[in-house]
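Sequence positions, counted from 1, serve as the residue numbers for this chain. What you see is a predicted model, and the numbers here were worked out from it, not measured in a lab.
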Amino acid sequence: MAAPADATNIEIVAEVQSEGGRVVDEPAEEVDLTEAGGQHGADQSASQGKEAQESSMDEEVALIEAQAAVWKRQNRTSEVWGCFRSLGKKKENDIEVEGLACIFCCKDIKTLNDVLGKQRSPRGIIMYKSTSGTGSIRKHAISSHGDIFKRMKSLETERENKKRKNIMPQKSALATTVTQFFHKKRKYKANSKQQQIFIQDLLLFIVKELQPLSIVEGPFFRQMLLRCDPNFVFPSRRRVRDVLLKELRQKVDREHVAPILKVAGSISLTFDLWMSRKTEDLFAMIAHWIGDDWAVYHRCLGLVKANHTDGSSLSNELHALLVKYNIANRVLGSTKDQGSNMQSCIKALDDIQQKSGSVHIVDSLPSLLNRFDGTCYAHLISTALSKVFTKQQQRESQIDHGFSTIKFFELKTQLQSQITYTKKSSKGRQLWNNAQEKCNESPITLITPVKTRMGSTLAMFEQCLRKRKSLHVLYTDLVEAKYQDRRLSRNQWMVVNAVCDVLKLVCIVIVKQQTRASEYWLLSDAVATMTELFINLRNEPPPLQELEEFDDEIFKEEIRELRKRVTKVVRDTIFPSVSPLISFSAGKGHTMLSLMLDPKYKSMRIVSKLINDKGRAKSVIEMYDTMLLIPLLADIAERFTSHQAGDGGVDITAVTSDGGATAPRPCDSSGSDVFAENAGELDSERIARDAAISMATQELERFRRHPVPDRKDKGFSSLQWWKGNCGMFPIVAEVSKAINGVQGTQIECERVFSIAGILTRHRRNRTSAELVDDLMFIHKNYPDEEALDALKAMKEENKTMPVYGNDFVKNMESEESLWEDLSSDKDDYARDHT
């Protein structure tokens with residue numbers, strides 16, 4: 001029989017227990033459900049109120065998102081715009097002002113006139129000027145409706161997480177077998193050797209292969225690596241940027257930059273400025289030298305952001321790096337372009353070093369050899385071409401015939417318009433192919449020159465000359481009448497041919513020399529190239545056969561004069577680079593010494609050919625020998641003999657009157673007469689100097705008489721020759737290593753800028769200058785040989801992966817490990833992608 005129910009108190013019959021086969025009914029505790037029921041009702045009411053509030057806020061969020069979509073069409077992308085609607089625009093003091101009304105606070109205000117008549121603007125009304133920012137708008141939106149924006153952020157995060165969960169596979173059931181239990185995946189610890197090797201290899205892959213940092217969060221990239229070893233722990237993109245890359249840079253600096261710069265001899269510098277896509281000026285500084293193994297070494301000292309591009313500011317950046325690596329007193333020369341700020345940078349650097357007490361002269365060479373202040377020879381050639389192609393020098397490349405004037409700069413513009421029509425228009429491309437087919441020529445796409453690369457302009461003219469027949473057919477027979485005025489006349493083609501025939505000599509010499517150089521131009525190679533070019537331009541250019549077909553003698557004479565003018569422009573531009581070979585110049589003696597100490601040019605035939613007078617050439621070479629080279633070699637010889645003598649009280653080698661060397665004799669320090677002692681010291685110094693000069697002269701003569709393979713041989717390398725013969729001529733080799741270590745061009749700086757352009761391309765144009773500096777420092781300074789050696793070793797051992805760990809899990813579910821790892825740092829992932 002059921003017990004009676006009571007509204008306030010209910011007696012519940014409790015559990016049934018078994019006691020010795022007896023069933024006993026025991027009353028349970030009396031529970032007051034009034035209070036419990038009330039609490040439950042309150043919680044339920046609060047939960048319903050919270051849900052109603054969130055539902056209302058969701059509607060307000062939807063309003064903001066809809067209004068933000070309207071503003072987004074006007075390129076106003078900030079989320080705070082969604083809180084306002086436009087009331088109209090007006091002008092105040094010639095400045096356009098737009099009235100904005102909050103969609104929550106000002107629902108009754110429809111137009112701007114409803115606000116202008118009032119003395120005080122209602123709450124939520126903002127007069128926005130296009131010249132100002134969104135500060136006042138954001139202030140009202142956050143202060144008055146901040147809870148709505150917080151809700152909007154949380155909804156975005158929920159949608160992102162839901163989106164990611166939809167693509168994540170479900171985790172498999174728990175392991176039930178012994179094999180599965182022992183094959184349970186255990187992640188590597190952060191301080192474990194396997195994890196550290198993996199992190200370093202991951203960073204080097206990103207830096208060396210120029211990959212974006214976001215690749216570490218790519219699911220398929222992680223899946224690929226987790227199939228190899230599921231124990232890897234992937235860092236987030238922010239940790240890579242803020243922590244790991246900086247640690248790797250310090251390691252590269254500590255292991256591969258500072259130690260090798262410490263033992264380097266004479267160092268040369270190249271530096272230049274580059275502007276990124278963010279219009280930030282970046283200052284690149286590269287150190288170059290030839291090591292004891294006669295290999296060329298480069299180290300990127302930095303790609304720092306230059307807040308100011310004047311010479312004084314740049315010199316401060318450069319001096320700070322020289323002091324950091326303690327190489328200020330070992331810089332023998334610098335190579336740069338002809339910019340005025342680069343020239344003033346060197347002068348300001350000298351002033352800074354003098355004020356700070358730094359030695360201006362290189363320690364390893366005597367004081368009579370000053371720092372070499374050179375110009376990039378490639379930039380010099382580009383300057384020569386630009387003087388012919390640019391509008392400022394058009395008088396040098398034009399002819400006046402009767403009432404018509406043909407200007408080479410205008411011909412360049414006219415040809416560019418022809419090329420543009422054949423590339424930008426689909427109809428133009430079709431007609432261009434038809435014209436080439438009609439002329440029985442192989443179809444090609446005409447190149448468009450780069451504005452700042454004059455060599456590409458010359459290549460465009462050469463290509464147009466080869467396709468002259470097809471261009472004539474295109475713009476005479478195929479195109480519409482409005483385009484036919486672009487075609488060039490016979491006289492205009494003759495002008496193009498005449499100028500290109502002269503400038504072609506420039507490209508032939510450069511390409512010929514570049515095929516000899518393996519890595520970069522030594523100073524001797526650069527000087528020899530410019531000298532050969534100057535000699536070729538000094539001679540009378542060969543006549544043009546096509547010119548003889550013209551009947552107009554006046555035009556033919558003007559073409560000849562045009563070729564002479566163009567030749568003179570190029571020759572005058574490159575003359576300063578070869579002038580030290582014609583007459584003695586102590587300040588630019590490195591130019592002549594580089595040829596004298598290079599086995600390819602030691603015969604000095606190129607100098608004799610340049611001066612075109614053997615007697616005068618011999619006197620110039622003898623003057624460099626007497627004033628610079630032999631004193632340099634003598635100082636090096638004194639240091640060698642002093643190093644060999646050591647501190648044993650043995651005097652340096654003396655020289656007899658017949659030039660032979662006597663045995664070293666002990667130093668006598670027991671004399672009591674001061675004047676006799678001083679006289680003896682002076683006499684000893686003079687004898688030592690004479691001995692060093694004699695030793696240097698004899699070695700220099702032996703070096704010049706030593707046979708050298710034909711320098712025209714493409715496989716011949718000066719550095720390889722010195723590597724095998726430096727023991728025979730140790731004194732000459734020491735000076736040759738220092739002087740020819742100077743760069744002839746800025747090619748290494750240009751390589752740095754090319755890589756920086758990839759790092760800051762249009763999809764990564766927000767990369768900071770500091771991050772670019774870190775990436776570039778690691779990319780240029782971490783040796784590639786280590787990775788190649790590791791791959792070779794693994795190939796020999798028949799291994800497919802580095803030694804991250806041998807405890808690979810067989811038959812593992814890589815997808816599960818992938819998504820489990822992604823879920824571990826889902827907060828960072830969602831925040832970054834939100």
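- In terms of modelled atom types and a separation under 3.5 Å, the side chain of Ser313 and the main chain of Thr309 share no donor-acceptor contact.
- Asp598 and Ser718 share a donor-acceptor pair across their side chains, judged by distance under 3.5 Å alone.
- For the pair His472 and Arg490, the minimum side-chain heavy-atom distance is 4.5 Å or more.
- Contacts of Glu546 classified as side chain to side chain donor-acceptor pair (under 3.5 Å), with partners at least two apart in sequence or in another chain: Arg468, Asn497.
- Under a 4.0 Å N-O distance rule, the pair Arg466/Glu441 does not qualify as a salt bridge.
- Between Ser594 and Val742 there is no side-chain heavy-atom pair separated by less than 4.5 Å.
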Steps toward side-chain contact (heavy atoms from CB on, under 4.5 Å) verdict (Ser583, Val620): CA-CA 6 Å; Ser583 59; Val620 172; 5.7 Å; no
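- When side chains are defined from C-beta on, Leu332 does not count as touching Ser268, because their heavy atoms never get closer than 4.5 Å.
- Of the possible donor and acceptor atoms, one in the side chain of Arg486 sits under 3.5 Å from a partner among the backbone N and O of Ser417.
- Inter-residue side-chain proximity for Thr335 and Thr745 is flagged as unmet; no heavy-atom pair is nearer than 4.5 Å.
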Derivation and outcome, side-chain contact (heavy atoms from CB on, under 4.5 Å), residues Leu595 and Val607: CA-CA 9 Å; Leu595 296 178; Val607 177; 4.2 Å; yes
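- Using a distance-only test at 3.5 Å, with no hydrogens or angles considered, no donor-acceptor pair links the side chain of Gln416 to the main chain of Thr448.
- Looking at Tyr483, its side chain never comes within 3.5 Å of a backbone N or O of Gln418 through a donor-acceptor pair.
- With hydrogens and angles left out, the side-chain atoms of Asn433 and Glu437 include no donor and acceptor closer than 3.5 Å.
- For Lys347, the NZ atom is loosely surrounded, since the number of other residues' heavy atoms within 6.0 Å does not exceed 12.
- In Lys305, the NZ atom is not crowded: 12 or fewer heavy atoms of neighbouring residues, nucleotides or ligands sit closer than 6.0 Å.
- Residue-environment remark: CZ (Arg605) stays at or below the threshold of 12 foreign heavy atoms within 6.0 Å.
- No donor-acceptor pair closer than 3.5 Å links the side chain of Arg764 to the backbone N or O of Arg761.
- Within a 6.0 Å sphere centred on NZ of Lys208, other residues, nucleotides and ligands contribute more than 12 heavy atoms.
- Other residues, nucleotides and ligands place no more than 12 heavy atoms under 6.0 Å from the NZ atom of Lys609.
- Counting only residues at least two apart or on different chains, no ring-ring contact (aromatic ring centres under 6.0 Å, His included) pair has a member in residues 425-444.
- Dense packing is recorded around NE2 of His379, with more than 12 heavy atoms of other residues, nucleotides or ligands lying under 6.0 Å away.
- At distances below 3.5 Å, not a single donor-acceptor pair connects side-chain atoms of Arg751 with backbone N or O atoms of Lys780.
- In this structure, the side chains of Arg616 and Ile582 come closer than 4.5 Å at one or more pairs of heavy atoms.
- The two residues Leu318 and Leu269 come nearest to each other via the heavy atoms CD1-CD1, 4.2 Å.
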Verdict with reasoning, Met592 to Val527, per side-chain contact (heavy atoms from CB on, under 4.5 Å): CA-CA 8 Å; Met592 177 66 86; Val527 173; over 6 Å; no
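- Looking only at side-chain heavy atoms (C-beta outward), Met460 and Leu446 stay at 4.5 Å or farther from each other.
- When every heavy atom of Asp525 is checked against every heavy atom of Thr529, the shortest pair comes out as O-OG1, 2.8 Å.
- A perpendicular orientation is assigned to the rings of His298 and His288, their planes being inclined by more than 60° (bins at 30° and 60°).
- Side chain of His779 to main chain of Val207: a donor-acceptor pair is present (N/O by atom type, distance under 3.5 Å, no hydrogens or angles).
- Note that CE of Met285 and CG of Asp272 are 11.5 Å apart. Values are rounded to the nearest 0.5 Å.
- Between the Gln463 side chain and the Ile447 main chain, a donor and an acceptor come within less than 3.5 Å of each other.
- Remark: the backbone N or O of Leu597 is paired with a side-chain donor or acceptor of Ser736 at under 3.5 angstrom.
- Using the six-membered ring where Trp is involved, Phe283 and Phe271 have ring planes that are perpendicular, over 60° apart on the 30 and 60° scheme.
- Without hydrogens or angle criteria, Ser577 side chain to Ile574 main chain gives a donor-acceptor distance under 3.5 Å.
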